[in-house]
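Notes for the one structure printed next.
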Number of protein chains: 2
Amino acid sequence: MARVLRPYRRGVAVAQVERSGSAQRVLDVALALFTEHGFDGTSLQQIADRLGVTKAAVYYHFRSKDDLLAALVDPAFAELEDLLSRTEALPRGAARQKCALSEFVDYLLRHREAAAWMSRDAAALTRPAVWERAQGTQRRLEALAAPGEDDPLSRLWGGAITQALAGAVLAQPHADEDWLRTEVAELSAHLLSGYRAARRRQG
Amino acid sequence: MARVLRPYRRGVAVAQVERSGSAQRVLDVALALFTEHGFDGTSLQQIADRLGVTKAAVYYHFRSKDDLLAALVDPAFAELEDLLSRTEALPRGAARQKCALSEFVDYLLRHREAAAWMSRDAAALTRPAVWERAQGTQRRLEALAAPGEDDPLSRLWGGAITQALAGAVLAQPHADEDWLRTEVAELSAHLLSGYRAARRRQG
DNA sequence: GTCTATAGCGCGATAGAC
DNA sequence: GTCTATCGCGCTATAGAC
């Protein structure tokens with residue numbers, strides 16, 4: 001499919017580079033421990049211990065444990081939100097719709113391990129900092145995937161299409177990336193044709 | 001679609017009826033508070049307070065807070081697992097596949113509010129008692145939805161189909177149930193035809 | 001601006017009396 | 001079957017050293 005958007009430029013690195021060295025070290029250690037023991041299974045004490053400082057030192061850089069998590073996932077969310085904004089800026093139509101899906105799939109594939117980790121560490125997902133932000137992007141993506149006047153039919157297909165794509169990618173932790181991209185593109189096209197047919201049926 | 005399975009008989013009531021009156025009162029109060037403040041947002045102290053007893057009294061009936069949650073969701077899981085078992089017992093083929101999906105959709109519709117609550121209260125979803133059991137049912141459903149030799153293609157479509165159906169139902173908290181059932185049945189058929197086409201493509 | 005020391009508080013959980 | 005008492009732990013908060 002033709003790529004309508006400019007390639008992504010800002011992103012993962014940005015938000016972290018602006019931090020002090022100490023804060024960045026906290027983030028690195030926290031990420032390592034979270035991936036190893038999970039969010040709930042990692043205490044601020046453990047993070048502080050591995051850094052060789054006290055809990056209060058960690059607390060100086062981040063107001064709370066949730067704040068730390070939010071900082072960790074911010075770059076990935078910023079990337080997705082940026083992608084959504086640029087897609088929403090395109091003129092409405094079938095091209096924008098297809099573009100949204102293919103960009104979303106690329107995004108998922110780019111962050112495959114991270115997404116797989118997140119969907120495994122449900123404790124982290126559950127925190128408001130992550131959960132509520134995810135709700136927002138989810139809504140916007142649904143609206144792009146199944147445009148309409150917020151009617152039941154478009155909401156139904158919005159939910160179906162976005163969940164199907166995410167489910168397809170995440171059900172495949174080890175499949176070859178190019179094969180996956182091709183197959184999911186087929187799935188994507190199939191879903192879009194289904195939505196068009198449903199719209200014609202209902203008018 | 002023809003209903004191949006016998007109607008469900010055991011279920012929600014069973015696990016709760018076998019309990020003592022006190023234990024049942026604990027479950028009732030816990031459910032009320034969980035739905036109101038979420039799982040994490042509800043302490044055993046609050047549960048005990050509303051019951052007019054102490055935390056320790058609650059602990060007599062349930063070994064842990066997770067145990068309480070497990071008891072709450074057990075009936076719904078038992079129903080789903082029973083449904084899966086009976087479907088798996090059918091001879092392999094397109095009929096079983098269609099049956100699995102329509103039974104699953106009915107199940108989702110039957111427990112719409114509960115499912116919506118669960119997918120909102122991420123903290124409850126995350127507990128091992130719920131999460132791991134859900135993983136199991138998810139796997140079995142995927143296998144029924146996209147049968148195959150555990151190859152990448154069937155796993156991809158298994159994830160896509162099941163997530164699409166759940167996404168479609170859950171994206172519609174207030175839509176009319178019959179309309180929803182009809183539309184989701186269309187979606188279901190569309191997805192199955194997509195899977196068949198993908199299989200033909202790949203051989 | 002960066003950290004240490006220390007304390008508070010609520011939580012889930014347990015032991016044992018009645 | 002229910003209670004009192006208590007434990008240990010985790011996040012949070014503040015005062016103040018450097």
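Just so it is clear: chains get the letters A, B, ... in the order the sequence lines come, proteins before strands, and each one is counted from 1.
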- What orientation do A:Tyr107 and A:His111 show, parallel under 30°, tilted 30 to 60°, or perpendicular over 60°?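 Taking A:His111 first and then A:Tyr107, their aromatic rings sit tilted (interplane angle of 30° to 60°).
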- Query: Taking the inter-plane angle between the rings of A:Trp157 and B:His190 on a 0 to 90° scale, is it parallel (under 30°), tilted (30 to 60°) or perpendicular (over 60°)?
  - Reply: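 The rings of A:Trp157 and B:His190 stand perpendicular, inter-plane angle above 60°.
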Figure out the [atom1]/[atom2] separation between [X] and [N], and round it to whole Å.
X       : N      : atom1 : atom2 : value
A:Asp67 : D:dA13 : CG    : P     : 11 Å
A:Arg63 : D:dT14 : CZ    : P     : 14 Å
A:Phe62 : D:dT12 : CZ    : P     : 13 Å

[N] phosphate, OP1 or OP2: any side-chain N/O from [X] under 4.0 angstrom?
X       : N      : answer
A:His61 : C:dC3  : yes
B:Ser22 : D:dG1  : no
A:Tyr59 : D:dC11 : no

- Sequence neighbours left out, what pairs pass ring pair (Phe, Tyr, Trp, His ring centres under 6.0 Å) with at least one residue falling in residues 22-61 of chain A?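 Ring pair (Phe, Tyr, Trp, His ring centres under 6.0 Å) check on residues 22-61 of chain A returns A:Phe34-A:Phe39.
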- Query: Nearest to the side chain of A:Ala56, which nucleotide is it out of D:dT14, C:dA13, D:dC3?
  - Reply: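 Comparing D:dT14, C:dA13, D:dC3 against the side chain of A:Ala56, the answer is D:dT14.
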- Go through the structure and list residues passing ring-ring contact (aromatic ring centres under 6.0 Å, His included) with A:Phe62, not counting sequence neighbours.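 Residues passing ring-ring contact (aromatic ring centres under 6.0 Å, His included) with A:Phe62: none at all.
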- Query: When the nearest nucleotide of DNA chain C is assigned to A:Tyr60 and to A:Ala57 on a heavy-atom basis, which residue is associated with the more 5' position?
  - Reply: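 Here A:Tyr60 is the residue nearer the 5' end.
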- Residues from residues 29-50 of chain B lying under 4.0 Å of DNA chain C - heavy atoms: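 B:Thr42, B:Ser43, B:Leu44, in order of number.
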- Task: Quick one: closest heavy-atom pair of A:Pro147 and A:Arg92, and the distance?
- Result: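 For A:Pro147 versus A:Arg92, the nearest heavy atoms are CB-NH1, 4.2 Å.
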- For the base of C:dG12, is there a side-chain donor-acceptor partner from B:Lys55 under 3.5 Å away?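 Side chain to base: pair present.
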- Query: Strictly by modelled atom types, are A:Glu183 and A:Gln172 linked by a side-chain donor-acceptor pair under 3.5 Å?
  - Reply: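 Not at all, the side chains of A:Glu183 and A:Gln172 share no donor-acceptor pair under 3.5 Å.
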